Student: 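Encoded as structure tokens, here's the structure I'll be asking about.
Note that the structure is predicted; figures quoted are calculated from it, not measured.
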Amino acid sequence: MRSSLRMVLRDLGAGAAFASMGVSGQLPVWTLVLYGLALVCALFGRRLFGQREKLTALLLLVVAAVLGMNVLAGSLNLVVAACAFAGLISAHRLLSHPGPATDGQVHLSGLLMVAGGAALTGELVYGLCLVAFSVLSSMSLALGVVEEAVPEGEPVPVREVMSPLAKGLAFAVAGAVAFFILFPRLNWNMMGLRASPGLGAATAGFSNTVRLGGTGNIKGNPRIVLRATLDPDPEKEELEAYWVGRTYDIFDGQEWTSIGGARGSGDWMVTLRPGSEGLVHQRVELLPAYGARTLVALETPSRLGNAAVHSQTGSRRARIQELGGGEVRFLDPGIAFSYEAYSLPPGGSGDSFQKLPSEEQDALLNLPQKLDPRVAQTAARVLNGEREPLAAARKLAAWLQRDFTYTLELGGDVEDPLADFLFERKAGHCEHFATALTLMLRTQGIRARLATGFFGGERVNDSYVVRAGDAHAWTHVLVPGRGFVTVDATPPAHRASQAAQILEDLLSFYESLEERWRSAVVDYSFRDQLDVARALVRPPRGQDDDGAPSRLPPLRAWASAFVAGAVAYFVWRRMSRFLERERPHDATRFVDAVEAQLASARLERREGEALEELDARLARERHPLSPALSPITRRYLEARFGGRPLRKGEAAELLGTLKRAIAADARRAAEEARVPRARAS
């Protein structure tokens, strides 16, 4: 029972270290299962490999061979394989017989695993696992030290030591934070793997086709797929913006496709259309949940580039390629992407119809061969002679929003999904509304196309996030003199994510923490440290008319210096008291020194004989050292069990008394040896 708590803390600490790698989502599933079983067995005290440690260690060789073959076959990254192997070594140690050597190996493998976790992911969950491992393993190690100091057979004073251990741990954490902030450092993420897929599969990726119909599950998905910072910052909590990814020209009655092909072989920067005044700059991150290579930008994008691909093997600069319909795509695959984009202010793309490729011009009026004639008849009836493109589009959109219902509950594929939406079900999601508007315009000779991307944007800290449920479709109407203009037929209340509010709130809270973790920890660099230092000492501008800076340091610099001095003084006082205090186990070391001196006088305790028993035996034998040993024994018992610790210098004084008594006894024995004795005749 004396070591059960320490063992549980040790095993949980190792589990937290393994979890720091597991949250990356990159470890093979079978390693997760094996380690989970080993951890459960260890927590229940089942050391299955305790009797056959060397034999079972051969299993690790088999596992290493399997991982090696996967690496050579290209199905597994080398770093991931190394992390998985470190976890299996830890699992083997958890199931082995406990002992000092095994404990050390478990803690060492834990350190290797948290290092592996840092290489696989730098997300907030990893940070939580790192803290859990640090706390649990530190407590386990500290309890091990206490156990070593307590004589065999005596109970470990767990309750008494937990409070000072917690204080010591808090002090260590504060020191680690100060070290992290103050010590010059490089960005550790530059040397590690940059991106991990996280938990769960990607959900909001673009495809080459849009099939009308389906259940619309994406609208209920709250996962965050895009994070962007905008300049100028609109400073709105909810952003009612269209993020365009790609457009579609051809509808065959079931699916939308794009007619345009690749343009060029790839470049670092793509210009879709000339810029103008008031461009909105965006720094965009496509997160692992996005699951596609199409760049997304605020409508209407002008330039995109300065891109990077983040994969399991690191981050690298990336080339992008323009495709038909204004789509821009990464050439290389990756788990996540980042890039910059510039977009025109809302109001029109500025595209000239004559400058579009001829096939795209023709596609803007294309209709499916078996289009239900009621579509054109209904459009003509609703428009009632309206021919101006933008006015006609808005009139049809208003009619759709008024007479049709938004729903995600659809029955699946039907033979004519557009006719089913317009004349039978009269309910659908954004793709139905956008398709209906686009085709009804085309039946009246008005050019239009389908656009897909996201709608909305929720502010988190200083950036905006977009969820998978914000995936949306709308219509681009070609307006002479303005180019393509967005007209959205979907009812406004159903354009953004339809996920449960509580899930969105939880994810937003997590995203906020993740963002702060990323900026304050993962991306915290030496440059940030210099910026903080400069901000502290930068003189404030004077209050005089010319605005000249003051020569005196600002108040925050004085306050920082005072706080730093107070902390240093506090630490010095605490350290001084700690070093000068009488340690609880000085009595144990004291009695060891007494035994060493007695051994020099050829007085050794018998097997199982305590110091007080030795003292009583010497008193019965009227030994010359008994008068010196008795007060030492009494004082040892008081210090060890009576709650009266040895004062500073008292141990040395008592040992000096014993040493002098031993020396006097030795001189007396020498003098007796020199005295001649009468020989019996």
Side-chain angles (χ1 to χ4, degrees), residues 206-212 242-267 270-275 292-304 320-329 331 341 343-344 347-369 371 375-376 379 387-390 392-393 396 418 431 434-453 472-489:
F206 283 92
S207 62
N208 291 327
T209 62
V210 172
R211 187 172 184 82
L212 196 58
Y242 291 89
W243 302 80
V244 64
R246 64 182 304 176
T247 60
Y248 298 87
D249 312 296
I250 304 297
F251 183 67
D252 63 0
Q254 292 281 346
E255 291 183 342
W256 282 97
T257 55
S258 297
I259 194 170
R263 298 173 181 173
S265 57
D267 207 343
V270 169
T271 300
L272 296 176
R273 50 186 59 88
R293 285 188 278 168
T294 298
L295 281 71
V296 179
L298 282 176
E299 202 165 48
T300 303
S302 171
R303 285 183 293 139
L304 305 99
I320 54 179
Q321 183 183 45
E322 180 184 0
L323 289 83
E327 179 185 3
V328 180
R329 184 178 297 183
L331 288 177
S343 295
L344 302 175
S349 66
D351 295 320
S352 173
F353 174 71
Q354 287 74 17
K355 292 185 178 180
L356 292 175
S358 58
E359 61 272 19
E360 291 189 22
Q361 295 182 24
D362 298 337
L364 293 176
L365 289 176
N366 181 275
L367 293 171
Q369 293 181 353
L371 181 68
V375 176
R387 305 301 301 170
E388 197 281 321
L390 186 56
L396 284 172
L418 180 59
E431 292 172 359
T435 299
L437 175 59
T438 304
L439 293 183
M440 292 176 82
L441 288 171
R442 289 184 177 182
T443 60
Q444 303 305 305
I446 300 175
R447 294 177 173 84
R449 67 186 182 187
L450 185 80
T452 59
H472 193 48
W474 60 93
T475 300
H476 279 169
V477 183
L478 187 61
V479 180
R482 296 177 60 179
F484 289 104
V485 177
T486 291
V487 178
D488 195 347

Student: What residues, two or more places apart in sequence or in another chain, satisfy salt bridge (Lys or Arg N to Asp or Glu O under 4.0 Å) together with D351?
Tutor: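 Partners of D351 under the salt bridge (Lys or Arg N to Asp or Glu O under 4.0 Å) test: R273.
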
Student: Does the side chain of T486 come under 3.5 Å of the side chain of E299 through a donor N or O and an acceptor N or O?
Tutor: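 Looking only at side-chain atoms, E299 and T486 do form a donor-acceptor pair, the distance falling under 3.5 Å.
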
Student: Are the side chain of Q321 and the backbone N or O of V328 linked by a donor-acceptor pair below 3.5 Å?
Tutor: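 No, the answer is negative, given that no donor and acceptor are paired below the 3.5 Å cut-off.
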
Student: Checking Q361 now: which residues fulfil side-chain contact (heavy atoms from CB on, under 4.5 Å) with it, not counting sequence neighbours?
Tutor: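 side-chain contact (heavy atoms from CB on, under 4.5 Å) list for Q361, sorted by chain: F353, L356.
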
Student: Could you tell me which non-hydrogen atom of A297 sits nearest to which non-hydrogen atom of A341, and how far apart they are?
Tutor: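 So the two residues come closest at CB-CB, 3.8 Å.
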
Student: I need the L439 CG to W256 CH2 distance, nearest 0.5 Å.
Tutor: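 CH2 of W256 is found 4.5 Å from CG of L439.
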
Student: Quick one: CG on L304 to CG on D267, what's the gap to the nearest 0.5 Å?
Tutor: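 So the CG of L304 and the CG of D267 are separated by 12.0 Å.
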
Student: Measuring from I320:CD1 to L331:CG, what's the distance to the nearest 0.5 Å?
Tutor: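 So the gap between those two atoms works out to 8.5 Å.
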
Student: Mind checking what makes side-chain contact (heavy atoms from CB on, under 4.5 Å) contact with T247, not counting sequence neighbours?
Tutor: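 For T247 the side-chain contact (heavy atoms from CB on, under 4.5 Å) partners, ignoring immediate neighbours, are R449, A451, H476.
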
Student: Does any pair with a residue in residues 352-368 pass salt bridge (Lys or Arg N to Asp or Glu O under 4.0 Å), and if so which ones, sequence neighbours excluded?
Tutor: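 Those involving residues 352-368 are R263-E360.
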
Student: Could you work out, with side-chain contact (heavy atoms from CB on, under 4.5 Å) as the rule, every residue matching V375, not counting sequence neighbours?
Tutor: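 Checked V375 against side-chain contact (heavy atoms from CB on, under 4.5 Å); matches are L371, D372, L418, L422, F423, M440, T443.
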
Student: To the nearest 0.5 Å, what is the distance between CG (L323) and CZ (R246)?
Tutor: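 Reported value, rounded in 0.5 Å steps: 7.5 Å.
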
Student: For residues P274 and L344, report the shortest heavy-atom separation together with the two atoms involved.
Tutor: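 Heavy-atom minimum between the residues: O-CD2, 3.7 Å.
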
Student: Output all residues satisfying side-chain contact (heavy atoms from CB on, under 4.5 Å) with E255, sequence neighbours left out; order by chain, then residue number.
Tutor: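 Here the qualifying residues are T209, R211, D252.
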
Student: Closest approach of I446 and A392, non-hydrogen atoms and distance?
Tutor: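 That would be CD1-CB, 3.6 Å.
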
Student: Using side-chain heavy atoms (C-beta onward) and a distance below 4.5 Å, is L396 in contact with Q444?
Tutor: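 A side-chain contact under 4.5 Å is absent here.
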
Student: Does the side chain of T300 reach to within under 4.5 Å of the side chain of F484, using non-hydrogen atoms?
Tutor: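 The answer is no, as the side chains (C-beta and beyond) never meet within the 4.5 Å cut-off.
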
